[in-house]
Peer 1: 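Questions regarding the structure given below will be posed in turn.
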Amino acid sequence: MKRQIQIRSRTPLRVPKTPRTAPTQTHTEKRKDSSSKQQDPVNVFCRVRPLQSDGDLTCMRVKNSTTIAVNSQDQLLHHKQTPGAQREMQYIFKHVFQPDVTQQDVFAAVAQPLVENLIRGRNSLLFTYGVTGSGKTYTMTGNARHRGVMPRCLDLLFRSISDYQAKKFVFKPDRLNGFEILSEEDALLERQHEMNQRFAGAGRFAFRRKDSDPEIASQASVEPTPLNTLDEDNMYSVFITYVEMYNNSVYDLLEDSGIQKSLQCKIIREDANHQMFVHGVTEVEVKTVEEALEVFQMGQKRKRMGNTILNAESSRSHSVFNIRLVQAPTDCQGERVLQDKQTITVSQLSLVDLAGSERSSRTKNTGVRLREAGNINNSLMTLRTCLEYLRENQLTAGCGTASKKIPYRDSKITHMFKNYFDGEGQVSMIVCINPRMEDYDENMQVMKFAEMTQEVQIARATPMKPDLGLTPGRRKANKLFKIAVNNLNELGIPEAKHLDVDVGLVYSLGPDFPNYQMDSPETECKIQELMQYLEQRIEKRRKLRANLELKSDNFRQLLMNMDRDNLQLRTELASMKAVYKQERERSLALENKVRIHESSIDVLNNTVSKQERKIHELTQKLSEQDFMLNQKEQEKEKQKKKYNSKLAVESDKNKREFDLKLREQRAKMQERMRIKDEKLRLVSNILQSEDVPSLARSQSSENILSDKERGAFTARTESTVPATTRTDIYCTPRHGMAAANNRHRRSRSAGDKWLEHRAANPVPLGTIMQPYLKNRKSVTKLTDMKELTGHGATKYCLVSQDADTDGDVETKLYKGNVIPTCGGGAQVVFNDVECLKQKSPVHSPTRKRPSNANLSASAFGGPLPTSTTGLTSVQDVASRCNLGIEGHSSKKSKM
């Protein structure tokens with residue numbers, strides 16, 4: 001990165017804890033050796049966070065995809081250029097991400113090349129740097145809706161190696177930053193042990209089950225395009241470690257602490273290959289993205305977070321998430337991993353989320369938070385010092401001056417990644433910027449650090465994979481061969497089981513010798529490397545000669561077997577030809593017999609078809625006769641039911657007529673007896689009393705009697721006490737019928753008010769035409785005259801439902817006028833009958849219904865008078881309903 005305008009002052013460097021002494025010879029040799037290799041600069045990217053509100057002032061401006069401009073506070077506040085003040089400063093990065101950039105764009109530009117290096121066997125380091133609250137954690141991990149760099153790296157990695165993963169526990173960590181290969185039996189025992197722990201809920205499985213996060217599933221569904229850079233003849237496994245540096249101490253976030261709640265501090269060591277690692281760290285083998293994110297979430301819950309004034313969820317430690325990819329070649333058949341530890345290739349991708357630098361004057365931290373902020377700032381200052389010393393040593397490498405000793409051990413974060421800065425992998429950095437005016441001073445320090453970091457050159461590592469001489473593509477070839485064998489077996493070819501595929505060694509001594517110059521001071525090192533190449537070639541040649549001799553012997557034996565088999569097959573062929581000639585003659589004779597039998601079969605088939613047609617015709621005739629007989633039987637049953645129903649109707653009709661006549665005769669006799677008893681009572685009163693009753697009273701009685709004899713179509717409801725003896729008749733005075741005016745008409749200004757009298761549970765009609773009475777009141781029984789007169793009803797309607805002779809429901813509406821009487825009651829005079837009847841379109845025999853002749857006016861509290869003439873429609877109505885209702889109470893006359 002180049003700065004176009006000189007900054008006014010430079011921040012002083014922190015004095016290192018270790019003295020800067022002359023490096024040892026080994027460091028010098030390493031530096032010279034790394035200088036001879038191809039070098040790459042540290043890739044620095046810049047991401048600008050969006051402003052939280054539109055009213056915030058910004059001190060930065062993105063000019064293009066690689067340049068960002070920074071303005072001083074005086075220029076923004078006073079809008080004028082004062083003498084001696086800073087002008088606009090521009091910083092150039094590898095790429096500058098706009099505030100509205102997506103997480104996918106950041107991943108594609110920054111992390112996707114690192115995943116490709118991981119598959120190729122190269123190490124990579126990516127860390128985020130910036131002030132607190134600038135979006136470092138969001139860029140690295142993201143959230144449920146917008147996944148960060150880490151989940152996308154895992155997703156891309158697993159989609160690329162999905163079909164080439166080894167079974168679990170084939171590779172096992174040796175606790176010394178290396179791996180060993182287990183046999184199939186040992187790996188099976190390890191898988192069973194893990195399954196028992198999972199069922200028992202022991203170890204980390206109990207913690208995972210208890211603290212599982214529902215957001216994990218939503219963070220694993222982006223479906224990137226898989227990479228095509230992997231070796232298809234290798235087996236792959238992914239291991240994960242997750243540690244944090246808190247107060248300059250290393251803690252394992254995936255450690256199974258058991259009953260202890262606090263994590264144990266770990267130490268950083270150097271392995272046999274001079275690689276730095278955390279001793280005793282927990283390495284978890286994962287097979288899917290979901291499982292990897294679940295392990296990450298388990299460690300995330302242990303990570304130390306805090307609440308400050310500048311950030312509600314501030315990281316109080318540096319977190320390191322390592323993705324280690326272990327790969328090893330397969331055997332000649334491409335089915336199993338070679339049981340050779342020297343063939344294992346381990347590559348690592350380290351994702352580091354650095355804690356943000358803070359100023360105590362702004363955060364107002366005290367106590368523990370102040371101590372945490374001090375340790376964070378010290379570790380970041382150590383990182384800056386190490387990178388600046390690296391740059392100075394690289395600039396003065398050709399001048400012959402002594403190099404400065406780089407203080408890696410002053411901080412755990414620099415000590416752990418010492419190998420990356422010495423040339424063991426690619427290094428990238430994302431600088432996160434919060435463009436608010438309040439963070440101007442902190443952002444300037446970040447820009448200076450980014451400017452200096454881009455000038456550091458890292459030696460490009462060239463991992464050398466062992467060449468075993470195996471055929472490339474053997475795994476795929478063996479798979480296709482098995483598919484072909486299965487297809488031959490399905491076709492019924494038994495010889496396919498004995499076929500074998502040979503994908504053996506490739507006869508090549510390996511790559512060419514590297515070019516070396518023997519006049520350099522590193523001649524001894526070059527000679528050692530040449531000796532290694534020669535030893536590898538000698539070993540390769542020995543294996544190839546042994547393989548060639550074995551194949552020659554096998555080929556010679558195969559030729560002998562083929563010659564012997566050829567002679568045997570010729571003999572068998574001569575005998576088979578003779579047998580074939582005999583079988584040919586026999587088959588011709590059989591063909592003649594078959595033709596004769598086929599002709600006879602055709603004749604028989606024609607005869608059978610004729611007989612079947614006759615059987616079919618006779619069966620149809622029989623079914624027609626059965627159908628006609630069934631129809632006749634049904635007609636007979638219908639006629640029988642019809643005549644039975646008519647007979648029942650006629651018998652019911654005659655019975656009702658006889659009952660009506662009997663009731664009429666009884667009513668006449670009772671009326672005559674009552675008249676006689678009334679006359680006798682009057683005579684007795686005359687004899688016992690001094691005053692003679694008036695003629696009007698006797699005339700009234702005569703009128704009553706004459707009215708009864710005439711049979712006027714009215715009825716009265718009267719409270720009478722049945723006489724048990726003749727004394728009661730004489731002692732109880734009787735009153736005549738209450739006078740009423742049949743010509744009475746009420747006022748029609750308010751409209752007619754109807755009183756509808758119907759059964760408590762009427763039969764639903766289900767018809768389109770329904771009885772409709774406007775301004776009505778419905779009742780189910782009349783026990784008191786107030787129910788008739790209390791509502792001011794002028795019309796009365798009695799709803800009757802009966803079954804007709806065919807068994808269908810017949811609804812009749814008996815309508816009448818309510819006429820008031822002189823005694824304060826009312827009587828009903830019927831003047832209309834409406835009938836609503838439903839009939840079935842198909843005639844059905846009439847069922848016998850019970851007679852309704854017993855329905856009389858006695859249900860309403862009074863006798864039903866009828867005329868002495870023959871049965872008419874009016875008399876039938878009088879026998880089924882109450883025709884008159886008298887509302888006044890009868891009074892006993894005093895003797």
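Hydrogens, waters and symmetry mates play no part in the numbers below; they use all other heavy atoms, side chains included.
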Peer 1: Is a donor on one side and an acceptor on the other found under 3.5 Å between the side chain of Asp439 and the backbone of Pro435?
Peer 2: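 Not at all, since once roles are kept as given, no pair shorter than 3.5 Å links the two residues.
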
Peer 1: In chain order, what residues pass the ring-ring contact (aromatic ring centres under 6.0 Å, His included) check against Phe417, with sequence neighbours excluded?
Peer 2: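 For Phe417, the residues satisfying ring-ring contact (aromatic ring centres under 6.0 Å, His included) (neighbours in sequence not counted) are Tyr420.
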
Peer 1: Using ring-ring contact (aromatic ring centres under 6.0 Å, His included) as the criterion, list what pairs up with Tyr408, not counting sequence neighbours.
Peer 2: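 Tyr408: no ring-ring contact (aromatic ring centres under 6.0 Å, His included) contacts found.
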
Peer 1: Regarding Ser347 and Arg324, is there a side-chain donor-to-acceptor distance under 3.5 Å anywhere?
Peer 2: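 The criterion, which ignores hydrogens and geometry beyond distance, is not satisfied for Arg324 and Ser347.
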
Peer 1: Quickly, which of Leu118, Val326, Val286, Val289 forms a side chain to side chain contact (heavy atoms under 4.5 Å, CB included) with Val238? Name it, please.
Peer 2: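 The single option meeting the side chain to side chain contact (heavy atoms under 4.5 Å, CB included) with Val238 is Val286.
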
Peer 1: Please tell me if the side chains of Ser428 and Leu126 come closer than 4.5 Å, counting only heavy atoms from C-beta onward.
Peer 2: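 Yes - at least one pair of side-chain heavy atoms lies under 4.5 Å apart.
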
Peer 1: Under 4.0 Å between a Lys/Arg side-chain N and an Asp/Glu carboxylate O for Arg152 and Asp155?
Peer 2: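 Answer for the salt bridge query: no.
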
Peer 1: Considering residues at least two apart in sequence or located in another chain, which fulfil the ring-ring contact (aromatic ring centres under 6.0 Å, His included) criterion with Tyr242?
Peer 2: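 Tyr242: ring-ring contact (aromatic ring centres under 6.0 Å, His included) contacts with Phe296, Phe321.
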
Peer 1: Working to the nearest 0.5 angstrom, can you tell me the gap between Cys46 SG and Lys94 NZ?
Peer 2: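 Atom-to-atom, Cys46:SG and Lys94:NZ are 14.5 Å apart.
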
Peer 1: Do Thr288 and Phe158 touch side chain to side chain, with heavy atoms closer than 4.5 Å?
Peer 2: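 Heavy-atom side-chain distance check fails, nothing below 4.5 Å.
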
Peer 1: Using the side chain to side chain contact (heavy atoms under 4.5 Å, CB included) rule, take Tyr246 and Glu372 through it: C-alpha gap first, then chi angles, then the decisive distance, then the call.
Peer 2: CA-CA 8 Å; Tyr246 177 72; Glu372 293 172 350; 2.5 Å; yes

Peer 1: Can you tell me how far CD1 of Ile323 sits from CG of Leu349, rounded to the nearest 0.5 angstrom?
Peer 2: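 Here the interatomic distance stands at 5.0 Å.
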
Peer 1: Please list, chain by chain and in numerical order, all residues satisfying side-chain contact (heavy atoms from CB on, under 4.5 Å) with Val456, sequence neighbours excluded.
Peer 2: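 With neighbours one apart ignored, the set is Val42, Leu387, Leu390, Arg391, Gln394, Ile458.
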
Peer 1: With a 4.5 Å heavy-atom cut-off, do Asn443 and Val70 have their side chains touching?
Peer 2: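 Contact flag for Asn443/Val70 side chains = no.
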
Peer 1: Can Asn234 and Gln327 be said to form a side chain to side chain donor-acceptor pair (under 3.5 Å), step by step?
Peer 2: CA-CA 6 Å; Asn234 288 356; Gln327 53 182 310; 3.2 Å; yes

Peer 1: I'd like to know if Lys301 and Glu294 make a salt bridge, using a cut-off of under 4.0 Å between side-chain N and carboxylate O.
Peer 2: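 Judged by the 4.0 Å cut-off on N to carboxylate O distance, Lys301 and Glu294 do not form a salt bridge.
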
Peer 1: Looking only at atom types and distance, does a side-chain atom of Asn378 sit under 3.5 Å from a main-chain N or O of Gly374, one as donor and one as acceptor?
Peer 2: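 A pair under 3.5 Å: yes.
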
Peer 1: Would you check if the side chain of His279 reaches a backbone N or O of Ile267 as a donor-acceptor pair within less than 3.5 Å?
Peer 2: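 Side chain of His279 to backbone of Ile267, a donor-acceptor pair under 3.5 Å: no, none is there.
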
Peer 1: Using 4.0 Å as the upper bound for N to carboxylate O, is an ion pair formed by Lys341 and Asp174?
Peer 2: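 Yes, Asp174 and Lys341 are salt-bridged.
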
Peer 1: One pair to check against side chain to side chain donor-acceptor pair (under 3.5 Å): Asn375 and Asn248. What are the steps and the verdict?
Peer 2: CA-CA 7 Å; Asn375 288 319; Asn248 206 24; over 6 Å; no

Peer 1: To the nearest 0.5 Å, what is the distance between OG (Ser411) and CZ (Arg384)?
Peer 2: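 Those atoms lie 15.0 Å apart.
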
Peer 1: Using a 3.5 Å distance criterion without hydrogens, assess whether the side chain of Asn143 forms a donor-acceptor pair with backbone atoms of Arg145.
Peer 2: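 It does hold such a pair.
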
Peer 1: Under the side chain to side chain donor-acceptor pair (under 3.5 Å) criterion, do Gln264 and Tyr251 qualify, and how do the steps go?
Peer 2: CA-CA 6 Å; Gln264 299 295 323; Tyr251 297 95; over 6 Å; no

Peer 1: Going by heavy atoms in the side chains, are Asp422 and His274 under 4.5 Å from each other?
Peer 2: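 The answer is no; the side chains never approach within 4.5 Å.
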
Peer 1: Any luck finding a side-chain donor-acceptor pair between Asn322 and Ser350 under 3.5 Å?
Peer 2: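 Yes.
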
Peer 1: Under the side chain to side chain contact (heavy atoms under 4.5 Å, CB included) criterion, do Leu263 and Asp252 qualify, and how do the steps go?
Peer 2: CA-CA 7 Å; Leu263 301 177; Asp252 184 8; over 6 Å; no

Peer 1: Can you tell me how far CZ of Arg269 sits from CG of Asn177, rounded to the nearest 0.5 angstrom?
Peer 2: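 Between Asn177 CG and Arg269 CZ, I get 12.0 Å after rounding to 0.5 Å.
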
Peer 1: Hey, is the main chain of Val131 close enough, under 3.5 Å, to the side chain of Lys136 for a donor-acceptor pair?
Peer 2: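 Yes; judged by distance alone, with no hydrogens or angles, the pair exists.
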
Peer 1: Under 3.5 Å, side chain of Asn123 to main-chain N/O of Gln348, donor-acceptor pair present?
Peer 2: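 Pair found, side chain donor or acceptor close to backbone of Gln348.
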
Peer 1: Counting only heavy atoms not in Lys287, do more than 12 sit closer than 6.0 Å to its NZ atom?
Peer 2: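 Counting neighbours around NZ of Lys287, more than 12 heavy atoms of other residues, nucleotides or ligands fall under 6.0 Å, so yes.
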
Peer 1: What verdict does the side chain to side chain contact (heavy atoms under 4.5 Å, CB included) test give for Leu351 and Val320, after you've listed the backbone C-alpha separation in whole Å, the side-chain angles of each residue and the deciding distance to 0.1 Å?
Peer 2: CA-CA 6 Å; Leu351 303 176; Val320 181; over 6 Å; no

Peer 1: Between Asn117 and Gln426, is there a side-chain donor-acceptor contact under 3.5 Å, judged purely by atom types and distance?
Peer 2: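 Side chains of Gln426 and Asn117: pair found under 3.5 Å.
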
Peer 1: So Lys172 and Asp186, do their side chains get closer than 4.5 Å, heavy atoms only?
Peer 2: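 Asp186 does not reach Lys172 side chain to side chain.
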
Peer 1: Do the two ring centres, one from His95 and one from Phe97, sit under 6.0 Å apart?
Peer 2: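 Yes; Phe97 has its ring centre under 6.0 Å from that of His95.
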
Peer 1: Give a yes or no answer on whether the side chain of Glu255 reaches the backbone of Val281 with a donor-acceptor pair at less than 3.5 Å.
Peer 2: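 Flag not set: sc Glu255 to bb Val281 has no pair under 3.5 Å.
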
Peer 1: Do the non-hydrogen side-chain atoms of Gln52 and Arg49 ever get within less than 4.5 Å of each other?
Peer 2: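 Contact flag for Gln52/Arg49 side chains = yes.
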
Peer 1: Applying ring-ring contact (aromatic ring centres under 6.0 Å, His included), name anything that partners Phe277, two or more places apart in sequence or on another chain.
Peer 2: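 Partners of Phe277 by the ring-ring contact (aromatic ring centres under 6.0 Å, His included) criterion come out as none, since no residue qualifies.
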
Peer 1: Please, which pairs that meet ring-ring contact (aromatic ring centres under 6.0 Å, His included) have at least one residue in residues 119-154, sequence neighbours excluded?
Peer 2: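 For residues 119-154: Tyr129-Phe449.
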
Peer 1: Report the C-alpha separation of Asp410 and Thr382 in whole Å, then their side-chain angles, then the decisive distance to 0.1 Å, and conclude whether the side chain to side chain donor-acceptor pair (under 3.5 Å) test is met.
Peer 2: CA-CA 7 Å; Asp410 289 357; Thr382 302; 5.4 Å; no

Peer 1: Other residues, nucleotides and ligands only: do more than 12 of their heavy atoms fall within 6.0 Å of CZ on Arg191?
Peer 2: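 Yes, enclosed.
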
Peer 1: When you check the gap from the basic side-chain N to the acidic O, do Asp105 and Arg47 get nearer than 4.0 Å?
Peer 2: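 Salt bridge absent between Asp105 and Arg47.
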
Peer 1: Is Arg122 paired with Glu116 through a side-chain N to carboxylate O contact shorter than 4.0 Å?
Peer 2: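 No.
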
Peer 1: Output, in order, the C-alpha distance, side-chain angles, deciding distance and verdict of side chain to side chain contact (heavy atoms under 4.5 Å, CB included) for Met245 and Ser319.
Peer 2: CA-CA 6 Å; Met245 282 74 172; Ser319 61; over 6 Å; no

Peer 1: Does a side chain donor of either Asp340 or Thr343 reach within less than 3.5 Å of an acceptor in the other side chain?
Peer 2: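 No donor-acceptor contact under 3.5 Å links the two side chains.
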
Peer 1: Below 4.5 Å, heavy atoms only, C-beta onward: do Ile119 and Leu157 meet side chain to side chain?
Peer 2: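 Ile119 vs Leu157: side chains touch.
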
